[in-house]
Amino acid sequence: MRTAYSVETVRAAERELMARLPEGALMQRAAAGLAAACADVLGRVYGSRVVLLVGSGDNGGDALYAGARLARRGAGVRAVLLAPGRAHAGGLAALRRAGGSVVSDAGGAVGLVEQADLVVDGIVGIGGKGGLREAAVPLAEAARRGRGVVVAVDLPSGVDADTGEARGTAVRADVTVTFGAYKPGLLIDPGREYAGVVRFVDIGLGRGLAGGTGPAGSPRAEALQHADVARLLPVPGAESDKYRRGVVGIAAGSARYPGAAVLAVGGALRGGAGAVRYVGPAGGAVLARYPETLVSERGPARAGRVQAWVVGPGAGDDAATVGEVLAADVPVLIDADGLRLAEVGAVRGRGLRGVPTLMTPHAGEAAALLGVEREEVESGRLAAARELAARYEAAVLLKGSTTVVAEAGGGGAVRVNPTGTPWLATAGSGDVLSGLGGSLLAAGLSAVDAGSVAAYLHGLAGRFAAEGAPVAAEDVAGRIAEAWRSVVGAGV
Ligand SMILES: NC(=O)C1=CN([C@@H]2O[C@H](COP(=O)(O)OP(=O)(O)OC[C@H]3O[C@@H](n4cnc5c(N)ncnc54)[C@H](OP(=O)(O)O)[C@@H]3O)[C@@H](O)[C@H]2O)[C@@H](O)CC1
Ligand SMILES: Nc1ncnc2c1ncn2[C@@H]1O[C@H](COP(=O)(O)OP(=O)(O)O)[C@@H](O)[C@H]1O
Ligand SMILES: [K+]
C-alpha cells in the first residue's frame, strides 16, 4: 500500500525527528536525494545548465543545497530568487561557495529558464497557501515551454499538498522528488498530473508517521498496489460451488438502454462471483450475449437469493426497483440512474444498520447529489467523495481521471486508484465497472475493498485493451481476466 499523509502529520513527524538530529540534517538528506534525482534525469551533470526557482521558504533551501551539489559536479547553476531578501541564507551561501550564481533580475529570467537543461522548482512546498503568486507565473510558464526537464521539489508549486487542487497556474513537472512521505496531492488529479513521475526520498520520517495515532497520525490517502489487490481477490477453494462463491444480482437496463444491462453483466461475470442473476427488461439482450446468466422475470425481491445487488445502470426512471433493492439486507452497489433515484434516507438507514452500500457516481452525478458545480467536484475529489460518504453513510467511489473511494461516513484514508487510462472515458465503461464491483461485493469483499479492487482491475483492463488506441466498453470487460492474472502473477 502506498500511503500519503497530510501536511499536518508530516510536519509533526518532522518536528519529532528534528528534535533528535543536528540542525539542518533533514534538509541535507532532502537535498542529497534531490541532487541525485536531478543527476539521474540530466544524465551528464558536467557542463549542464541548471536554473533553480527559489522561493522564500525551506523548499527553496532544498533547491539551493541541491544546486550546490550539482555545481560541485560541474553544472552551471543559476538561482532565480522570487523573494531575494528571504531566500534560505545557508543554502544561498552553499551555492555561492560551490560556484553557482544568483540572477539579479527575476523578471528577466524567463529566457534563462527556457534555455536550461534542468529547471528545479523550489518556489514553494508544503508551506504553500493558494495558487502560485503572480511573480512566479511567467517562470512556471517558461519552464513548461522550455526545452529542459522540470524537477519539482517536494511537490509542484501551486498544487495543494493535501487535496491535489491547482488554483490558477501551477508548475508542470516531469519529475517530482518528494521527501519523507507521499502527500495526497501527488496521488490525486489534477495534482498528480502536474507532478509527473514521483520519486520518493526517505529522510527518516517513517517512525514518526508509523507511530502517529488518531486522525492526525493516520494516512489521509492510500493507493493499492498489485500485492494488496492480489491479497484481496477472491479465490475459489476445493469446497466452493457457485452459490458459495456468491451470487450477484444485476438490476439494470431498460427498454431504452438494454446495453447497460449487458455491459454490467459482462463486468459481473468477470468479478469472482459464482453466478450472475439478472432482473429487468433487457433479459433477451443479456442472454443473447451471455447465456450463462440466470435471468429472472420477477422483480428483485422475488428473483432468488443473491449476496449483493447492482442497481441503476441504464435503469431510466424505475424508482420502484431501486427502492426494492435498497430494502434488501445484502450489500448494494448503486450506479448511474440509481443514484438519482435512491432516497438518502433509505441509503443512510442501510449504513446505520450496518448493511454496506457502495455508490459509484462520476463527477457530474456527484455534483448533482451534492448540489454543487461539476468543476467543484473535479478540483476537490477527496472532499467531494468524503462529503457524499458522510451524507449517505455509504462508501463512495467517485469515478474520473483519478478515481477515489471513501468509506461510509467519510472518515479514514481515501483510496486513490493508481491504474486507468483516459481511454476509459468511453460510453458504457462505467457499466462494466459497476458489474465488476458488485461481483466482488457478492464474493465477500467490503464496500471499500470491492470498489477499489474493481477500479484497479478495470483501470488495468482499460490499459490492456487500449494500448494507445480507442476502446469500446466491451473490450474492457474482455480484458478483466488478463488484468486479474497480471495482478496475481506479480506475487503476494
Ligand atoms: N521541515 C522539514 O523538516 C523539512 C522540510 N523540507 C522542505 O521544506 C518545505 C517546507 O518549507 P517551509 O515550511 O519553509 O515552506 P515552503 O513550502 O518553502 O513555503 C513557505 C514559503 O513560501 C511562501 N508562500 C506561501 N504560499 C505561496 C505561494 N502560493 N506562492 C509563492 N510563495 C508562497 C511563504 O511566504 P510568505 O507567505 O511568508 O510570503 C513562505 O515563506 C518542504 O516542502 C520541503 O521541501 C525538507 O528540507 C525536508 C525537511
Ligand atoms: N479522464 C479519465 N481518465 C481515466 N479514467 C477515466 C477518465 N474519465 C472517465 N474515466 C473512467 O471511465 C469510466 C466511465 O464511467 P462513466 O462516467 O460511468 O461512463 P458510462 O456511464 O458511459 O459508463 C469510469 O471508470 C471512469 O473512472
Ligand atoms: K516546489
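Atoms within each ligand, like the ligands themselves, are counted from 1 in listed order.
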Legend entry - Asn59 atom OD1 and Val124 atom O as seen from the K ion (ligand 3), angle to 10 degrees: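 With the K ion (ligand 3) as the vertex, OD1 (Asn59) and O (Val124) sit 70° apart.
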Show which atoms of ligand 1 fall inside a sub-4.0 Å distance from at least one heavy-atom site of [X].
X	result
Gly130	29 (N)
Arg86	35 (O), 36 (P), 38 (O), 39 (O), 41 (O)
Leu26	3 (O), 49 (C)
Gly128	25 (C), 26 (N)
Arg11	10 (C), 13 (O)
Met27	47 (O)
Gly131	28 (C), 29 (N)

Quick one: are [X] and [Y] in side-chain contact, heavy atoms under 4.5 Å?
X	Y	result
Glu114	Arg145	yes
Tyr392	Thr357	no
Val153	Leu34	yes
Asp117	Val149	no
Arg2	Glu222	no

With a cut-off of 4.0 Å, which atoms of ligand 2 are near a heavy atom of [X]?
X	value
Ala427	22 (O)
Thr421	3 (N), 4 (C), 5 (N)
Thr403	27 (O)

For [X], does the [atom1] atom have more than 12 heavy-atom neighbours from other residues, nucleotides or ligands under 6.0 Å away?
X	atom1	result
Glu474	CD	yes
Glu375	CD	yes
Arg144	CZ	no

Quick one: look up the protein heavy atom nearest [atom] and list residue, atom name and how far away it is.
atom	result
atom 8 (N) of ligand 2	Ala425 CB, 3.4 Å
atom 25 (O) of ligand 2	His458 CE1, 3.2 Å
atom 14 (O) of ligand 1	Asp58 N, 2.8 Å
atom 23 (O) of ligand 2	Gly430 N, 2.7 Å
atom 19 (O) of ligand 1	Val124 CG2, 3.3 Å
atom 20 (P) of ligand 2	Gly428 N, 3.6 Å
atom 13 (C) of ligand 2	Ser429 OG, 3.0 Å
atom 2 (C) of ligand 2	Ser401 CA, 3.6 Å
atom 26 (N) of ligand 1	Lys129 N, 3.0 Å
atom 6 (N) of ligand 1	Asp62 OD2, 3.7 Å
atom 31 (C) of ligand 1	Arg133 CG, 3.8 Å
atom 26 (C) of ligand 2	Gly400 N, 3.6 Å
atom 11 (C) of ligand 2	Leu424 CB, 3.8 Å

Examine the proximity of ligand 1 to [X] and report which part, side chain or backbone, both or neither, has a heavy atom under 4.0 Å away.
X	result
Arg29	neither
Asn59	both
Glu14	side chain

[X] side chain vs [Y] backbone, donor-acceptor pair below 3.5 Å:
X	Y	result
Thr176	Val198	no
Asp337	Gly316	yes
Thr402	Asp189	yes

Please determine if the K ion (ligand 3) has an N/O/S atom from [X] lying under 3.4 Å away.
X	answer
Asp121	yes
Val153	yes
Pro156	no
Gly55	no

Could you verify whether a donor N or O on one side chain and an acceptor N or O on the other, from [X] and [Y], lie under 3.5 Å apart?
X	Y	result
Thr178	Asp154	yes
Ser6	Glu8	no
Thr321	Asp318	yes

- Task: Have a look at Glu407 and tell me which of Val448, Val414, Val396 forms a side chain to side chain contact (heavy atoms under 4.5 Å, CB included) with it.
- Result: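 Among Val448, Val414, Val396, the one that satisfies the side chain to side chain contact (heavy atoms under 4.5 Å, CB included) with Glu407 is Val448.
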| Under the side chain to side chain contact (heavy atoms under 4.5 Å, CB included) criterion, do Glu387 and Leu370 qualify, and how do the steps go? | CA-CA 8 Å; Glu387 174 63 28; Leu370 289 168; 3.4 Å; yes
Which of the listed options, [options], holds the heavy atom that is closest to [atom]?
atom	options	value
atom 42 (C) of ligand 1	Val54, Asp154, Leu34	Asp154
atom 3 (N) of ligand 2	Pro422, Ala455, Pro361	Pro422
atom 17 (O) of ligand 1	Ser56, Gly125, Gly168, Ala13	Gly125

Next item on the list: List the steps and the verdict of side chain to side chain contact (heavy atoms under 4.5 Å, CB included) for Val120 and Cys38.
Entry: CA-CA 8 Å; Val120 180; Cys38 290; 4.1 Å; yes
Requested in this report: Report yes if some N/O of Lys399 lies less than 3.5 Å from some N/O of ligand 2; otherwise report no.
Outcome: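 The answer is yes, given that Lys399 and ligand 2 share an N or O pair closer than 3.5 Å.
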- Supply the atom-to-atom distance Asp431 CG to Leu436 CG, rounded to the nearest 0.5 angstrom.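 So the CG of Asp431 and the CG of Leu436 are separated by 12.5 Å.
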key: Spacing of Glu376 atom CD and Glu165 atom CD [to the nearest 0.5 Å]   =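 Nearest 0.5 Å value for the CD-CD distance: 9.0 Å.
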**Item:** NZ or CZ of Arg172 within 45° of Tyr194 ring axis and under 6.0 Å
**Value:**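 The answer is yes, since Arg172 meets both limits relative to Tyr194.
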Please check whether Gly127 reaches ligand 1 - meaning an N/O of the residue sits under 3.5 Å from an N/O of the ligand, judged on distance alone.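 Yes - when backbone and side-chain N and O of Gly127 are compared with those of ligand 1, one distance drops under 3.5 Å.
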field: Distance-only N or O hit between ligand 1 and Ile126, under 3.5 Å
entry: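 Looking only at distances, the answer is yes, because the N/O contact criterion of under 3.5 Å is met.
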>> Classify the ring geometry of Tyr182 against Phe200: parallel below 30°, tilted from 30° to 60°, perpendicular beyond 60°.
In response: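 The arrangement is parallel - the two ring planes meet at less than 30°.
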